[in-house]
Amino acid sequence: MYELNGISKVYVTGKTHVNALNNLSIKIHKGTIVAIVGKSGCGKSTLLNILGGMDQPSSGTLLYEGIDLSRFNSPKLATYRRTEVGIVFQSFNLIPPFNAWENVAMALAIGNVARNKRKKMAIDLLEKVGLANRSGHLPSELSGGECQRVSIARALANNPKVILADEPTGNLDSVTSKQIMDLLKALNLEFRKTIVMVTHELDYAQNYSDEILTLHDGKILN
Ligand code: ADP
Ligand code: MG
C-alpha cells in the first residue's frame with residue numbers, strides 16, 4: 001500500500017534545523033494494522049502527516065499503490081487526502097456547534113455527496129460505529145469515547161482505503177480506549193481498511209497491530 005524509500009523531513013525555523021525523520025525506508029502492507037510507537041518528539045506525527053498528504057517529505061520517495069506522492073503538487077495531494085485516507089485525531093477535532101450527524105455530513109459535503117443524501121448516509125456511518133442513537137447530540141453532550149466514534153464515522157465518510165490515527169485513545173480512559181481499539185480492529189477485519197496508528201500504549205500496539213514500527217530520533221529501531 002505504501003512504500004517509503006529514504007524519507008527524510010527537516011523542519012527549518014530560523015537557524016534551527018530539526019531532522020524529524022531520518023532516511024526512513026519502510027513498507028506498509030494493504031489490509032494490515034501498523035502501530036507507530038516511540039518517545040515524544042521522535043517523529044511519529046510527522047510520519048503520519050506525510051502518509052496522509054498533510055505534509056511533504058524533504059527528500060525520499062513515498063509510493064502509494066505505486067504512485068509517487070512525493071512528486072504531487074498540492075491540488076493533487078488534496079485530492080489524495082479527500083479520496084484515499086480518513087484521519088482520526090487524539091482531540092477528535094469535531095465542530096462544536098454541529099451535532100454528530102452534521103459533523104459526519106460535513107465530510108460527506110467535502111466528498112461531493114449530494115445534500116439530500118447526506119443525513120441518511122451520516123446516520124448509516126454513525127450506525128457502523130455504534131452511535132446511531134446519539135446522532136442528534138452535540139459534541140459537548142457526548143463522552144470522549146462517543147466523540148471519538150463520531151470522528152471515526154467522519155473518517156469513514158469518503159470510504160477511504162486507509163485510516164490514519166494519531167494517538168486515537170490519547171484522551172480516553174482505559175476502558176473506553178479498548179472499545180475504540182476494538183472498533184478500529186473491526187473496521188480492519190470487516191472492511192479491510194489499512195490502519196496506521198500512532199500510540200503511546202505498547203499494550204495496544206502488541207494486541208491490535210500486525211506490525212510495530214518503533215521510531216527513535218526519526219529512525220526505525222526494529
Ligand atoms: P511525535 O509525534 O513523535 O511526538 P513529531 O513528529 O510531532 O513527534 O515531531 C518530531 C520533531 O519535529 C520534534 O522535535 C518536533 O519538535 C519537530 N517538529 C514537529 N513539527 C514541527 C514544525 N512544524 N516545525 C518545526 N519543528 C517541528
Ligand atoms: Mg505526535
Side-chain angles (χ1 to χ4, degrees), residues 1-28 32-64 69-70 72-74 77-78 80-81 84-94 144-145 147-148 151-152 154-155 160 162-174 176-178 180-181 183-184 193-222:
M1 175 123 277
Y2 289 101
E3 188 175 333
L4 286 70
N5 291 306
I7 289 286
S8 294
K9 177 71 187 181
V10 185
Y11 290 110
V12 182
T13 341
K15 283 184 184 158
T16 327
H17 290 228
V18 176
N19 291 305
L21 296 176
N22 224 323
N23 199 21
L24 217 64
S25 297
I26 52 173
K27 282 184 186 166
I28 293 172
T32 59
I33 300 184
V34 175
I36 303 173
V37 302
K39 288 194 190 124
S40 178
C42 69
K44 304 182 295 295
S45 295
T46 302
L47 175 57
L48 211 71
N49 289 342
I50 287 175
L51 292 175
M54 293 167 280
D55 204 348
Q56 289 270 48
S58 309
S59 57
T61 56
L62 166 62
L63 301 183
Y64 169 75
L69 294 185
S70 50
F72 273 21
N73 56 19
S74 39
L77 265 189
Y80 160 76
R81 276 201 304 273
E84 305 298 312
V85 298
I87 297 167
V88 176
F89 302 95
Q90 175 175 359
S91 49
F92 325 130
N93 294 11
L94 299 177
C147 284
Q148 195 56 301
S151 100
I152 292 170
R154 178 182 59 186
V162 184
I163 295 174
L164 302 174
D166 198 345
E167 312 224 15
T169 64
N171 282 349
L172 305 175
D173 63 68
S174 61
T176 314
S177 293
K178 193 175 170 303
I180 292 296
M181 292 307 306
L183 172 61
L184 290 172
K193 303 291 184 197
T194 303
I195 298 180
V196 185
M197 61 169 188
V198 169
T199 179
H200 259 110
E201 303 276 343
L202 206 54
D203 263 14
Y204 296 148
Q206 279 160 351
N207 293 323
Y208 288 92
S209 74
D210 302 297
E211 196 172 351
I212 301 177
L213 298 175
T214 309
L215 279 180
H216 182 74
D217 290 344
K219 289 189 178 133
I220 297 286
L221 266 189
N222 40 331

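Order of appearance sets the numbers: ligands from 1, and atoms from 1 within every ligand.
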Ala20 neighbourhood, listing ligand 1 atoms whose heavy-atom distance to it stays under 4.0 Å
10 (C), 11 (C), 12 (O)
Would you list the atom pairs, donor with acceptor, under 3.5 Å between side chains in residues 14-23 and any protein atom, with sequence neighbours excluded?
from  : atom 1 : to    : atom 2 : distance (Å)
Thr16 : OG1    : Thr13 : O      : 3.3

Interatomic distance, Lys219 atom NZ to Ser25 atom OG [nearest 0.5 angstrom]:
12.0 Å
Which residue and non-hydrogen atom of the protein lie closest to atom 4 (O) of ligand 1, and at what distance in Å?
Gly41 N, 2.7 Å
Heavy-atom distances under 4.0 Å are what count here, so tell me which part of Val18 touches ligand 1: side chain, backbone, both or neither.
side chain
Near Ser40, which atoms of ligand 1 are under 4.0 Å from a heavy atom of that residue?
4 (O)
Return yes or no for this condition: an N or O of Gly43 is under 3.5 Å from an N or O of ligand 1.
yes
Roughly how far, to the nearest 0.5 Å, is the OG1 atom of Thr169 from the CE atom of Met197?
8.0 Å
If every non-hydrogen atom of Leu184 is compared with every non-hydrogen atom of Ile195, which pair is closest and at what distance?
O-CD1, 3.1 Å
Nearest protein heavy atom to atom 15 (C) of ligand 1: under 4.0 Å?
no
Among all residues two or more places apart in sequence or in another chain, which pass the side-chain hydrogen bond (donor to acceptor under 3.5 Å, both in side chains) test with Tyr204?
none
Protein heavy-atom partner closest to atom 9 (O) of ligand 1 - residue, atom, separation in Å:
Thr46 OG1, 3.8 Å
If I take atom CG from residue Leu47 and atom CG from residue Leu62, how far apart are they, to the nearest 0.5 angstrom?
9.0 Å
For this output row, return yes or no: ring centroids of Phe72 and Tyr80 closer than 6.0 angstrom.
no
Interatomic spacing from CG in Asn93 to CD in Gln148 - rounded to 0.5 Å
9.0 Å
Can you find an N/O atom of Thr13 closer than 3.5 Å to an N/O atom of ligand 1?
no
Residues in salt bridge (Lys or Arg N to Asp or Glu O under 4.0 Å) contact with Asp166, at least two apart in sequence or another chain:
none
Please identify which atoms of ligand 1 are closer than 4.0 Å to at least one heavy atom of Ser45.
1 (P), 2 (O), 6 (O), 7 (O)
Once you round to the nearest 0.5 Å, how far does CZ of Arg81 lie from CG of Leu164?
11.5 Å
Nearest-contact summary for atom 27 (C) of ligand 1 - protein heavy atom, Å
Tyr11 CD1, 3.2 Å
Metal site the Mg ion (ligand 2), protein N/O/S atoms found under 2.8 Å:
1
Within the structure, is a non-hydrogen atom of Gly38 found at a distance of less than 4.0 Å from ligand 1?
no
About how many Å separate CD of Gln90 and CG of Leu172, when rounded to the nearest 0.5 Å?
8.5 Å
